[in-house]
Amino acid sequence: MKHSSELSWLPCFCILFCGLLVSSQLDYRFYDNACPTLTKLVRNGVWSAIANETRMAASILRLHFHDCLVDGCEGSVLLDDTSTIKGEKNALPNRNSVRGFEVIDAIKANVEKACPDTVSCTDILTLAAREAVFLTGGQFYAVPLGRRDGLSASQSAANEQLPTPLEPLENITAKFTAKGLEMKDVVVLSGAHTIGFAQCFTFKSRLFDFGGSGKPDPALDTSLLQNLQVTCPNQNDSNTKLAALDTTFDKFDNNYYKNLISNSGLLQSDQALMGDNRTAEMVMYYSKYPFLFPRDFGVSMVKMASTGVLTGQNGQIRKNCRAVN
Ligand code: HEM
Ligand SMILES: *[C@@H]1O[C@H](CO)[C@@H](O)[C@H](O)[C@H]1NC(C)=O
Ligand SMILES: *[C@@H]1O[C@H](CO)[C@@H](O)[C@H](O)[C@H]1NC(C)=O
Ligand SMILES: *[C@@H]1O[C@H](CO)[C@@H](O)[C@H](O)[C@H]1NC(C)=O
Ligand SMILES: *[C@@H]1O[C@H](CO)[C@@H](O)[C@H](O)[C@H]1NC(C)=O
């Protein structure tokens, strides 16, 4: 690192001390000198992926969330399985569900051409998620960079640490607070479901026999219910069909919160935000003031993207996002 070499004449304790103060932190200008075209390369890559398939914006945003929530943002979700690593791609919440790996690979290849061995895969994913939000109409937010890629991945950690739509809000909140996030971040970041899709099996339990009642979930609007029963008929072969998470599924707006107020959240975990007075109050607030959601979303994203990061000399800059060097 630049800082360490400049200070290399100093006694060891100072290198360690200064290292802690200077190079072990994320920095908004981290790649300004080392890779000045980075932002443009990431934006172009995300733009062309979205131009080909609009949903890819949502998929990239989710991939970043799944990277960060499991042992911190260190690109672990990007690693393929090997004979020694049982990776996260095949964990229950990810298998046949998270997408966008090819997009990150393509951006990484372009970044390697411009600035070899310089930019981590997890920073590329962090920037790509920001571009996905911005390019679908959300607010631009600056993200500090300098994350390094991890050397391992854990399928069991992914199974334990990622939230599922069927667990209660309390449990989901606990998974966020374990990462230094708060209940407010759960409400704000769930607003990511303003874009994208979910497969029928992730919410089907609400449509026909909710909790063994023989009836649909009473907290689901009847006209949305009728549409969903058509999209997801009560038979196994409908499990992988898709339904939009939001009425405006390709626009990063605050309709997600408006929908929750009219009992039109798709996932049980979405609608559960209305079942607790503390979170319901925040939902009302974001539905009422459209400019507050994008602003707070950027703040919570930066917070999420700073959890459990590797900096300084820790980790590595992967050459190929799918494998440890
Ligand atoms: C609060 C707990 C959360 C739960 C239980 C949850 C669960 C889910 C589920 C089940 C899906 C559908 C997956 C599929 O059908 O294959 C989904 C999609 C999605 N999630 Fe979440 N999620 C949560 C929070 C978040 C957060 C914090 C973000 C990002 C900041 C996020 C971003 C997305 C996006 C953008 C999609 C659509 C992906 C696509 O269309 O490819 N989710 N989520
Ligand atoms: C474009 O999107 C389709 C899915 O809609 C996908 O199968 C294809 O690989 C994508 N092509 C490129 C060049 O990204
Ligand atoms: C919620 O968390 C509690 C305590 O960790 C656990 O006992 C319970 O099984 C969890 N519920 C669900 C549905 O995952
Ligand atoms: C549907 O899937 C469930 C669980 O995998 C299985 O028990 C059931 O027999 C399947 N039903 C049909 C009609 O295939
Ligand atoms: C939540 O709000 C409802 C309706 O305003 C009220 O009846 C209930 O007592 C409140 N619960 C808590 C725990 O504050």
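For reference, positions follow the sequence shown, starting with 1. Counting convention: from 1, in listed order, for ligands and their atoms alike.
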Which segment of A174 sits under 4.0 Å of ligand 3 when only heavy atoms are counted: neither

Numbering as shown, the atoms of ligand 1 that approach I172 to under 4.0 Å (heavy-atom distance): 1 (C), 2 (C)

Identity and separation of the nearest protein heavy atom to atom 35 (C) of ligand 1: A58 O, 3.1 Å

Residues D80, K89: salt bridge by 4.0 Å N-O rule: yes

Between T84 and T82: side-chain donor-acceptor atoms closer than 3.5 Å: yes

Partners meeting side chain to side chain donor-acceptor pair (under 3.5 Å) with N234 (sequence neighbours left out): none

Check: S59 N/O within less than 3.5 Å of ligand 1 N/O: yes

Step-by-step side chain to side chain contact (heavy atoms under 4.5 Å, CB included) determination, L260 to H193: CA-CA 11 Å; L260 295 185; H193 292 171; over 6 Å; no

Within one Ile-Leu-Val-Met-Phe-Trp-Tyr cluster: M274 and F203, side-chain cutoff 4.5 Å: no

Closest approach of any protein heavy atom to atom 15 (O) of ligand 1, naming residue and atom: Q199 N, 2.6 Å

Side chain, backbone, both or neither: L189 near ligand 1, heavy atoms under 4.0 Å: both

Under-2.8 Å protein N/O/S neighbours of atom 21 (Fe) of ligand 1, ordered by chain then residue number: H193 NE2

Heavy atom of the protein closest to atom 14 (C) of ligand 1 (residue, atom name, distance): S97 OG, 3.3 Å

Parallel, tilted or perpendicular: rings of F252 and F293 (30°, 60°): parallel

Atoms of ligand 1, numbered as shown, that sit under 4.0 Å from any heavy atom of T202: 10 (C), 15 (O)

Heavy atom of protein closer than 4.0 angstrom to atom 14 (O) of ligand 3: yes

Verdict with supporting geometry, C121 and L125, side chain to side chain contact (heavy atoms under 4.5 Å, CB included): CA-CA 6 Å; C121 294; L125 181 51; over 6 Å; no

Atom 5 (O) of ligand 3 protein-contacted, heavy-atom criterion under 4.0 angstrom: no

Side chain to side chain contact (heavy atoms under 4.5 Å, CB included) assessment of M56 paired with V46: CA-CA 8 Å; M56 198 45 84; V46 176; over 6 Å; no

Heavy atom of protein inside 4.0 Å of atom 9 (O) of ligand 2, strictly below: no

Any protein heavy atom nearer than 4.0 Å to atom 1 (C) of ligand 2: yes

Aromatic plane relationship, Y286 with Y257 - under 30° parallel, 30 to 60° tilted, over 60° perpendicular: tilted

Residues K319 and D117 bridged, charged N to O under 4.0 Å: yes

Candidates D270, T248, D246, T194 - the one meeting side-chain hydrogen bond (donor to acceptor under 3.5 Å, both in side chains) with Y256: D270

Element-labelled atoms of ligand 3 that are located less than 4.0 Å from some non-hydrogen atom of N171: 1 (C), 2 (O), 3 (C), 8 (C), 10 (C), 11 (N), 12 (C), 14 (O)

Shortest protein contact, atom 12 (C) of ligand 2 (heavy atom only): N52 ND2, 3.3 Å

Ligand-residue contact atoms, ligand 1 with R55, heavy atoms, under 4.0 Å: 39 (C), 40 (O), 41 (O)

Salt-bridge present (K184, D296; N to O < 4.0 Å): yes

Any donor-acceptor N or O pair under 3.5 Å, side chains K204, S238: yes

